[in-house]
Amino acid sequence: MPVTEQNAMRGVAFMLAAMLVFAMQDGLSKALAANHSPIFITMWRYWAFGAVCLVLLWRNGFAEGMRSGQPRLQATRGVLLALEICVAVLAFHLIGLANTHAIFAFGPLLVVALSGPLLGERVGWRRWSAIGVGFLGMMLIIRPGSEPLSYGMGVAILGMAMFALYGIATRRVARTDGAMTSFYYTGLFGAAVMTLIGPWFWSAMTPVEIAMMATLSLTGMTGHYLLIKAFEAAEASSLQPFAYLQTVFSSLVGVAVFGEFLSPWTMLGAVIVIGAGLFAFWRERVRAKQAAEQKQQQEFGEAA
């Protein structure tokens, strides 16, 4: 589908809807985590995700959809994301949605920092400056020295680091594979690993909790469908900044539904981290555009 202005706006609308649905999913996960293991909850989330992948592969062709230039890395990143979600749900339970997402907002900047040594990408001084500013914002959120680092904060930082490694792996596989191939591997291998370990953490649910788990599964399928529609309508690079809205939506759910409290330092730190992340993303787009223009000029010069 050609990316026209109308399609781009549709893509943004789908992306906004997906972020809102994922925020609802985070809220349901936090509520269920009061009585159930994060691994058990994540298993249900991935069963829904895997079901979406199987339906799409059945319609579009399994062999074609799973063809990858880096299948082992694809499988690894799928497993890594599933385990990261287990850690994130535990963090939701321990320190709340708002504080967890404030810490997770540093993840994209960590991806930029690691892309140099792990992917061989050049990171200029402007993006390193953004990483430094974002790190200062991160320090405002966790405020080391003001009080001992809590177990919950440590869990959230671990989850953020795991998600950053997932982001690095995603960049790597994007060199050879399309977005839908990565989508299929993420869903199927995540569902596979959760099916192996999840039943060991099975727990009985009340009728209300069964309804919540069913809703969680439904929101999972809906959210991933909306993401697919968003990426069909618009370029991924134009949609990425809107992913930060999940931080905003999830924080609102935490405050409005669960009565969470965000300190002024946490809010200031989160704003700084998100602002630095958006700046780093903008600089990355500028560099990519300059590189494309230089390549085009070289090809034109060779043809002449």
Side-chain angles (χ1 to χ4, degrees), residues 8 12 15-16 19 77 80-81 84 88 91 95 98-147 149 153-175 234-251 262-297:
V12 169
M15 189 69 172
L16 290 175
M19 295 304 101
R77 63 180 283 281
L80 178 61
L81 182 62
E84 180 274 327
I95 64 172
N99 285 316
T100 299
H101 275 282
I103 291 172
F104 269 58
F106 186 72
L109 288 169
L110 185 56
V111 170
V112 175
L114 294 175
S115 64
L118 295 183
L119 298 178
E121 296 180 3
R122 182 178 178 275
V123 180
W125 69 268
R126 293 179 181 84
R127 283 192 287 169
W128 274 116
S129 299
I131 293 167
V133 171
F135 184 75
L136 292 177
M138 180 77 167
M139 291 301 99
L140 287 177
I141 295 170
I142 62 177
R143 282 168 291 158
S146 61
E147 58 184 34
L149 184 67
M153 282 285 188
V155 170
I157 292 171
L158 172 62
M160 181 269 292
M162 292 173 69
F163 192 72
L165 289 176
Y166 166 80
I168 289 291
T170 299
R171 286 195 180 205
R172 181 79 179 189
V173 298
R175 296 175 178 178
E235 294 179 355
S237 60
S238 66
L239 296 175
Q240 188 59 39
F242 295 96
Y244 274 113
L245 286 175
Q246 186 178 354
T247 297
V248 177
F249 293 155
S250 293
S251 297
L262 273 175
S263 71
W265 289 113
T266 300
M267 288 189 285
L268 176 61
V271 169
I272 292 173
V273 170
I274 292 174
L278 291 173
F279 175 80
F281 172 78
W282 172 73
R283 281 300 307 170
E284 189 170 338
R285 288 199 69 182
V286 169
R287 283 191 56 80
K289 184 177 180 181
Q290 291 173 344
E293 290 175 348
Q294 290 175 358
K295 183 178 179 180
Q296 187 177 26
Q297 290 175 356

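Residues I272 and V133 approach most closely at CG2-O, 3.5 Å, considering heavy atoms. Closest non-hydrogen pair, M160 versus I103, comes out as CG-O, 3.6 Å. Across all their heavy atoms, M153 and I95 have their closest contact at N-CG2, 3.9 Å. Taking all atoms of both residues into account, the shortest heavy-atom contact from F104 to A88 is CZ-CB, 4.0 Å. Nearest approach of G107 to A164, heavy atoms of both residues: O-CB, 4.0 Å.
Heavy atoms of other residues, nucleotides or ligands lying less than 6.0 angstrom from CZ of F163 number 12 at most.
Within the structure, every pair that satisfies the salt bridge (Lys or Arg N to Asp or Glu O under 4.0 Å) test and touches residues 155-174, not counting sequence neighbours, is listed here: E121-R171, R171-E284.
Taking CG from L165 and CG from L81, the interatomic distance works out to 12.0 Å, rounded to the nearest 0.5 Å. One finds the CG atom of L80 at 5.0 Å from the CE atom of M162 (value rounded to the nearest 0.5 Å). Rounding to the nearest 0.5 Å places CD1 of I274 at 8.5 Å from CG of L245. Within the model, atoms CG of L118 and CD1 of I168 stand 5.5 Å from one another, a figure rounded to the nearest 0.5 Å.
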